[in-house]
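Residue numbering restarts at 1 for every chain, and letters A, B, ... go by the order of the sequence lines. As the structure is a computational prediction, the values presented were derived from the model and not from experiment. We use all heavy atoms of the structure for the numbers below, so side chains are in, but hydrogens, waters and symmetry mates are not.
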Amino acid sequence: MPDTPSLTVLLFARYAELFGAAELRLALPQPATVAGVVEALRILPGGAALPLNPLVAVNARQARSDQPVSAGDELALLPPMAGG
Amino acid sequence: MPDTPSLTVLLFARYAELFGAAELRLALPQPATVAGVVEALRILPGGAALPLNPLVAVNARQARSDQPVSAGDELALLPPMAGG
Amino acid sequence: MAFLTELPLQLDALVAEVAAPECGGIATFLGLVRNHQEGRAVERLEYSAYHPMAEGECATIVAEAMAQWPVRVAVRHRVGTLLIGDAAVAVAAASAHRAAAFEACRYLIEELKRRVPIWKKEFFLDGSVDWVEPR
Amino acid sequence: MAFLTELPLQLDALVAEVAAPECGGIATFLGLVRNHQEGRAVERLEYSAYHPMAEGECATIVAEAMAQWPVRVAVRHRVGTLLIGDAAVAVAAASAHRAAAFEACRYLIEELKRRVPIWKKEFFLDGSVDWVEPR
């Protein structure tokens, strides 16, 4: 789909295992928000196990679920952080 | 005074400078208590500048001013501690 | 210097980085891989991170500490495979007085653990595997 | 190992001393000679101690910390002449969890400074000399 506006979704840790991938390319969903992307992910294989409100970053900054997203954005789904 | 019962007084830091010595030998005072030793020290040259109730250790353990002392004891006069 | 590294952490290097003639105290914290987790024997951990966001969030936390206390600070987190006793995270905070050094050091490690996108997978001696999640 | 030493303090050696497979965190504190004291430029410090009492009091403080927290600890204090940036005191506390390590480390340094018979004479760049006394 070279002409479809799309964005990149990065998956980490437990979430990467759910989807069997560390990176996905998604068509820009409707509505074009963080929540819209999460909804689109939830219907993919493995996506049903995602929490309803996962922590999401847009272009490496934490984002609220109603934040708009645009074609070309890099979204990251972040499991609970566990550094240290 | 080989036959006089005596004790050793160790002086540290500022107190050693007051007396110009790090160690003194004193005849066992009357009363034979920590306070008695401090009184005996206060009338020695330099001793007037001692505080009325300096911190004192007897045989390396902190002592109260009414603690008895015996011949052969090692008293230490301790300026306020300033380690670290 | 980068916050994330694949190399072993050197506490002495961190201390040298924050030391300065006006500093009277340096507080540090070293987080190590320990041999047990909720009663189970651990064999190793694998750390991963969302690198650009981790670097940015770390810089934000460092700036917060320097705004709150007169400190010089350094923080480093290791990624990759770590064995028992290996240092996963190292924090150092130097200040003229010790209270600020202690408080900033504690702030840095608490905020790093809470806010920086790093994850660890725990491999147990019995062969089981878990993603560690904060309680 | 003795608490007092005339040799330079090595933080890495202290950390190695307290580290153990069951420990997940090590908090340390390093007290350094700084270049100023109440606005005056410092040239050097001379530390002296009442050795037997200092060793005994240090052992007591260590025992108190180990009774209050599940920690492994090490403390060292240098005596003699120290220059700007030299470490005068080093404390390390290791525990399974970081809160205990931080709290024990802070307890040790606060109590050491308050209770151990150590004194320091400050030599200023302008030639003046002072015994440091706690405020």
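- Proximity to chain C among residues 29-46 of chain A is not found for any residue, judged by heavy-atom separations below 4.5 angstrom.
- With a 4.5 angstrom heavy-atom cutoff, C:K113 touches chain A via backbone and side-chain atoms both.
- Most heavy-atom pairs under 4.5 Å with chain A, from the set C:V89, C:V116, C:L45: that is C:V116.
- Annotation for C:R40: atom CZ counts as buried by contact number, over 12 foreign heavy atoms lying within 6.0 Å.
- In terms of heavy-atom proximity, C:A49 sits nearest to A:F12 at O-CE2, 3.7 Å.
- Note that CD of A:Q62 and CZ of C:R115 are 9.0 Å apart. Values are rounded to the nearest 0.5 Å.
- In this structure, the portions of C:Y50 lying under 4.5 Å from any heavy atom of chain A include both its backbone and its side chain.
- With a threshold of 4.5 angstrom between heavy atoms, A:L10 approaches chain C through side-chain atoms but not through N, CA, C or O.
- At a heavy-atom cut-off of under 4.5 Å, chain C is reached by A:E74, A:A76, A:L78, A:P79, A:P80, A:M81, A:A82, A:G83, A:G84 from residues 64-84 of chain A, listed in order of number.
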